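Let me begin by presenting the structure, written as structure tokens, before commenting on it.
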There are 2 protein chains.
Amino acid sequence: MNEHIKPDQCQIQEALGTLVGKWKPIILLYLMKEGTQRFSELKREIPEITQKMLTKQLRELEAEGIVAREVYPEVPPKVEYSITEYGRDLQPILEAMHEWGEKHAQYKKENA
Amino acid sequence: MNEHIKPDQCQIQEALGTLVGKWKPIILLYLMKEGTQRFSELKREIPEITQKMLTKQLRELEAEGIVAREVYPEVPPKVEYSITEYGRDLQPILEAMHEWGEKHAQYKKENA
DNA sequence: CCCATAGGTATCATTGATGATACTACCTTA
DNA sequence: TAAGGTAGTATCATCAATGATACCTATGGG
């Protein structure tokens with residue numbers, strides 16, 4: 001373990017706080033895989049999410065600088081979301097978690 | 001992004017579910033850094049946690065196969081916790097999150 | 001005889017995250 | 001004239017996570 005990690009003030013919570021939530025990882029994956037998406041596209045791809053939650057999660061990700069929000073002043077409204085360059089830094093972490101998650105799901109099946 | 005990641009059934013939640021909680025990362029870091037620890041040692045190192053929560057988190061980590069629990073039939077009781085070999089797989093992920101977390105804390109300070 | 005110790009459980013209260021549902025603005029098309 | 005589409009907000013209800021507090025066990029030491 002990296003010597004300078006001080007558990008009592010470590011920054012893992014920072015990353016977790018950004019990623020957790022029932023919907024954030026899946027939203028991020030869609031934006032990373034498919035690129036820029038409209039609000040309604042995301043809603044269609046994740047039908048179980050309520051509008052309220054989708055809005056909330058996107059706003060939080062935006063506040064963290066991970067997602068960019070662009071509003072087109074049209075009628076009907078058009079709002080596009082995309083991953084920022086800064087947000088791309090999360091990709092390796094998400095991938096590592098995905099990989100570990102698969103192994104772990106397997107592990108749990110074996111020890112069920 | 002890895003092509004075979006299907007957001008709608010991805011395993012990131014699996015990893016997140018294992019790591020989140022107000023106390024799990026810090027518990028894992030202590031066990032990874034300091035090695036085997038007694039219940040009371042962990043409690044001393046994380047004074048703000050209640051016994052109930054410490055017990056609960058440790059039991060959950062044990063159930064996931066990440067932490068090993070060894071009971072010594074003595075009086076007063078002695079119980080030791082350690083990271084399993086399997087649990088070691090999480091170390092790179094925790095480190096990556098820690099690193100990103102530091103950058104992100106910096107980022108937030110600059111954009112405050 | 002009584003208390004401290006280690007590692008817990010049991011019970012209740014509180015809080016934050018999530019969900020269901022209804023409502024809005026504005027323009028275009030039928 | 002009414003309906004439909006987009007991107008939301010507002011309000012209320014519910015549930016899981018966390019916390020505070022008290023209690024339990026057995027034994028060795030004073």
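Residue numbering restarts at 1 for every chain, and letters A, B, ... go by the order of the sequence lines. The basis for the numbers below is simple: all heavy atoms, side chains too, and nothing from hydrogens, waters or symmetry mates. Because the structure is predicted, anything quoted here is derived from the model rather than measured.
Here the CG atom belonging to A/Leu29 is positioned 4.0 Å from the CD1 atom belonging to B/Ile12, to the nearest 0.5 angstrom. Summarising the geometry, atom CG belonging to A/Leu16 is positioned 12.5 Å from atom NE2 belonging to B/His98; distances are rounded to the nearest 0.5 Å.
Remark: A/Lys108 engages B/Glu14 in a side-chain hydrogen bond (donor to acceptor under 3.5 Å, both in side chains) (not counting sequence neighbours). With sequence neighbours excluded, the residues forming a side chain to side chain contact (heavy atoms under 4.5 Å, CB included) with A/Gln37 are A/Leu31, A/Glu34, A/Glu41, A/Leu42, A/Glu45, listed by chain and number. Partners of A/Lys103 by side-chain hydrogen bond (donor to acceptor under 3.5 Å, both in side chains), not counting sequence neighbours, listed by chain and number: B/Asp89. Under the ring-ring contact (aromatic ring centres under 6.0 Å, His included) criterion, B/Trp23 pairs with no residue, sequence neighbours left out. The side-chain hydrogen bond (donor to acceptor under 3.5 Å, both in side chains) check on A/Glu110 picks up A/Gln106, with sequence neighbours excluded. Every residue two or more places apart in sequence or in another chain that forms a side chain to side chain contact (heavy atoms under 4.5 Å, CB included) with B/Ala96 is listed here: A/Ile93.
With a 4.5 Å cut-off on side-chain heavy atoms, B/Ile27 and B/Val67 do not count as touching.
Of the residues in residues 49-65 of chain B, those with a non-hydrogen atom less than 4.0 angstrom from any atom of DNA chain C are B/Gln51, B/Lys52, B/Thr55, B/Arg59. Contacts between residues 71-79 of chain A and DNA chain D, defined by a heavy-atom separation below 4.0 Å, involve A/Pro76, A/Pro77, A/Lys78, A/Val79, listed by number.
Bracketed by its first and final contacts, the part of DNA chain D lying under 4.0 Å from non-hydrogen atoms of chain B reaches from D/dT18 to D/dT27 in 5' to 3' order.
Remark: B/Tyr81 is not in phosphate contact with C/dG7, judged by side-chain N or O atoms under 4.0 Å from OP1 or OP2. Close to C/dA6, at under 4.0 Å from its OP1 or OP2, lies no side-chain N or O of B/Arg38.
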With a 3.5 Å cut-off and sequence neighbours excluded, list the donor-acceptor pairs that the side chains of residues 53-66 of chain B form with protein atoms.
unit_1, atom_1, unit_2, atom_2, d
B/Thr55, OG1, B/Gln51, O, 2.9
B/Lys56, NZ, B/Glu60, OE2, 3.4
B/Glu60, OE1, B/Lys24, NZ, 2.5
B/Glu64, OE1, A/His104, NE2, 2.7

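Within 6.0 Å of CD on B/Glu74 lie more than 12 heavy atoms contributed by other residues, nucleotides or ligands.
Axis angle, first five pairs versus last five pairs of the helix from C/dC1-D/dG30 to C/dA30-D/dT1: 30°, rounded to 10°.
Listed by first and then second residue, the ring-ring contact (aromatic ring centres under 6.0 Å, His included) pairs that reach into residues 36-82 of chain A come to none, sequence neighbours excluded.
Side chain of A/Lys43 to main chain of A/Arg38: no donor-acceptor pair is present (N/O by atom type, distance under 3.5 Å, no hydrogens or angles).
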